Amino acid sequence: MQDSGVTRSKSELRARLLDARAHNRQTSAPGEESASKAFRRLLAEHIVRSTPSGATVCAYLPTAGEPPIEPALEEVHASGRRILVPVTRPGRLLEWAAWTPAVDVVESRFGIREPVGERYGPEAFVRADLRLIPALAIDLSGFRLGYGGGFYDAALAAVSSRPRPTSNVGVCFADELLEAGSVPTEPHDARLDLVCTERGFTRIGNWP
């Protein structure tokens, strides 16, 4: 059962962060270009170092205002990794479709670009070698604030055994990496152990 107070706190924090992203997008085009270059270098290096050629990476196509990771995905694709991105379905379900820089995409009712082509079930996320997880904020306890749809909460819950820490990577901007306890939590909220921002990676928890 959801706690109405926690739900309200999440909604308030979500609204503030979305307003901040909208403001930053309007006022900092040079900053977005710099962030794009930083994410390209950091994510591509990490994924290539952490996975073998031919590995499957579950990622996502960023919307306006999200960290600009598409150039990083292009580099990862060029390195020989297979990239899957989400396709939203009713019931908070994510299916997955193969992405390449040349694939045709359509826009979903949530404003998400989804590739045209064969769909793979939720098990594709579980079996992936590495997963990039979008977030509006992540605190230093590892808890993630999403967009309110619950899609990634359900997907992460389906990962039956605890993955190695580098296999789930939260992605947000540096000013959205918050102090421990800043993200209101509910029992279903999953923790992340590794976060990538344009300033680098942050490890959460005690792993080498």
Side-chain angles (χ1 to χ4, degrees), residues 10-11 13-40 43-44 47 56-78 81-128 130-138 144-158 168-173 176 190 192 196-198:
K10 282 186 174 182
S11 296
L13 179 57
R14 187 176 292 117
R16 291 199 301 270
L17 291 163
L18 286 170
D19 284 346
R21 279 190 176 181
H23 174 75
N24 290 340
R25 182 169 176 79
Q26 291 171 356
T27 59
S28 60
E32 183 173 353
E33 182 178 352
S34 175
S36 178
K37 291 179 180 177
F39 278 112
R40 179 172 187 161
L43 282 176
I47 293 170
T56 296
V57 176
C58 281
Y60 62 95
L61 298 178
T63 59
E66 286 191 304
I69 67 167
E70 197 161 340
L73 300 185
E74 292 173 358
E75 190 163 326
V76 171
H77 168 73
R81 276 70 180 170
R82 176 177 179 243
I83 296 176
L84 302 180
V85 298
V87 177
T88 54
R89 288 289 181 259
R92 298 180 177 180
L93 178 68
L94 291 180
E95 293 184 343
W96 299 86
W99 177 86
T100 73
V103 74
D104 291 331
V105 298
V106 296
E107 189 170 301
S108 77
R109 64 191 179 97
F110 296 104
I112 298 169
R113 290 174 294 145
E114 300 178 345
V116 174
E118 184 178 359
R119 303 290 193 253
Y120 304 95
E123 67 278 2
F125 182 82
V126 177
R127 295 173 181 168
L130 188 143
R131 308 167 192 87
L132 300 183
I133 314 297
L136 272 172
I138 302 169
R144 163 188 173 270
L145 182 71
Y147 295 86
F151 289 94
Y152 274 93
D153 291 326
L156 287 165
N168 289 340
V169 181
V171 182
C172 63
F173 289 110
E176 297 164 348
L192 300 172
C196 181
T197 76
E198 72 276 19

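Since the model is a prediction, treat every value here as computed from it, not as a measurement.
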inquiry  = Using only atom types and a distance under 3.5 Å, with no angle test, would you say the side chain of E176 pairs donor to acceptor with the backbone of L17?
reply    = no
Please table the atom pairs, donor to acceptor, closer than 3.5 Å between any side-chain atom in residues 63-71 and protein atoms at least two apart or in another chain.
{"from": "T63", "atom 1": "OG1", "to": "E66", "atom 2": "OE1", "distance (Å)": "3.1"}
{"from": "E66", "atom 1": "OE1", "to": "T63", "atom 2": "N", "distance (Å)": "2.8"}
{"from": "E66", "atom 1": "OE2", "to": "Y147", "atom 2": "OH", "distance (Å)": "2.6"}
{"from": "E70", "atom 1": "OE1", "to": "R113", "atom 2": "NH1", "distance (Å)": "3.2"}
{"from": "E70", "atom 1": "OE1", "to": "R113", "atom 2": "NH2", "distance (Å)": "2.9"}

query = Taking C-beta and beyond as the side chain, do L84 and T56 meet within less than 4.5 Å on heavy atoms?
reply = yes
query = Do the non-hydrogen side-chain atoms of C172 and L136 ever get within less than 4.5 Å of each other?
reply = no
query = Does any donor atom in the side chain of S34 or E198 lie under 3.5 Å from an acceptor atom in the other side chain?
reply = no
key: Side-chain heavy atoms of L61 within contact of L73, under 4.5 Å   = yes
query = Taking all atoms of both residues into account, what is the closest heavy-atom pair of A59 and Y152, and its distance?
reply = O-OH, 4.0 Å
task = Please tell me if the side chains of D153 and R144 come closer than 4.5 Å, counting only heavy atoms from C-beta onward.
result = yes
Atom pair CG/CG of L156 and L192 - distance to nearest 0.5 Å = 6.5 Å
Nearest non-hydrogen partners of A72 and L43, listed with the distance = CB-CB, 4.0 Å
inquiry  = I want to check something: taking the side chain as every heavy atom from C-beta on, are Y120 and V87 in contact at a cut-off of under 4.5 Å?
reply    = no
request  = Classify the ring geometry between W96 and F125 as parallel (under 30°), tilted (30 to 60°) or perpendicular (over 60°).
outcome  = parallel
Min side-chain heavy-atom separation T88-E114 under 4.5 Å = yes
ask   = Any salt bridge (Lys or Arg N to Asp or Glu O under 4.0 Å) pairs touching residues 94-108, not counting sequence neighbours?
value = R89-E95
key: Shortest non-hydrogen contact between R14 and G146, atoms and distance   = NE-O, 2.9 Å
inquiry  = Using 0.5 Å steps for rounding, measure from the CH2 atom of W99 to the OH atom of Y60.
reply    = 13.0 Å
task = Flag the pair P134 / V171 as yes when at least one side-chain heavy-atom distance between them is below 4.5 Å, and no otherwise.
result = no
task = Search all heavy atoms of P101 against all heavy atoms of E74 and return the closest pair with its distance.
result = CG-CG, 4.0 Å
ask   = Taking the side chain as C-beta and beyond, is there a heavy-atom pair between V85 and V105 under 4.5 Å?
value = no
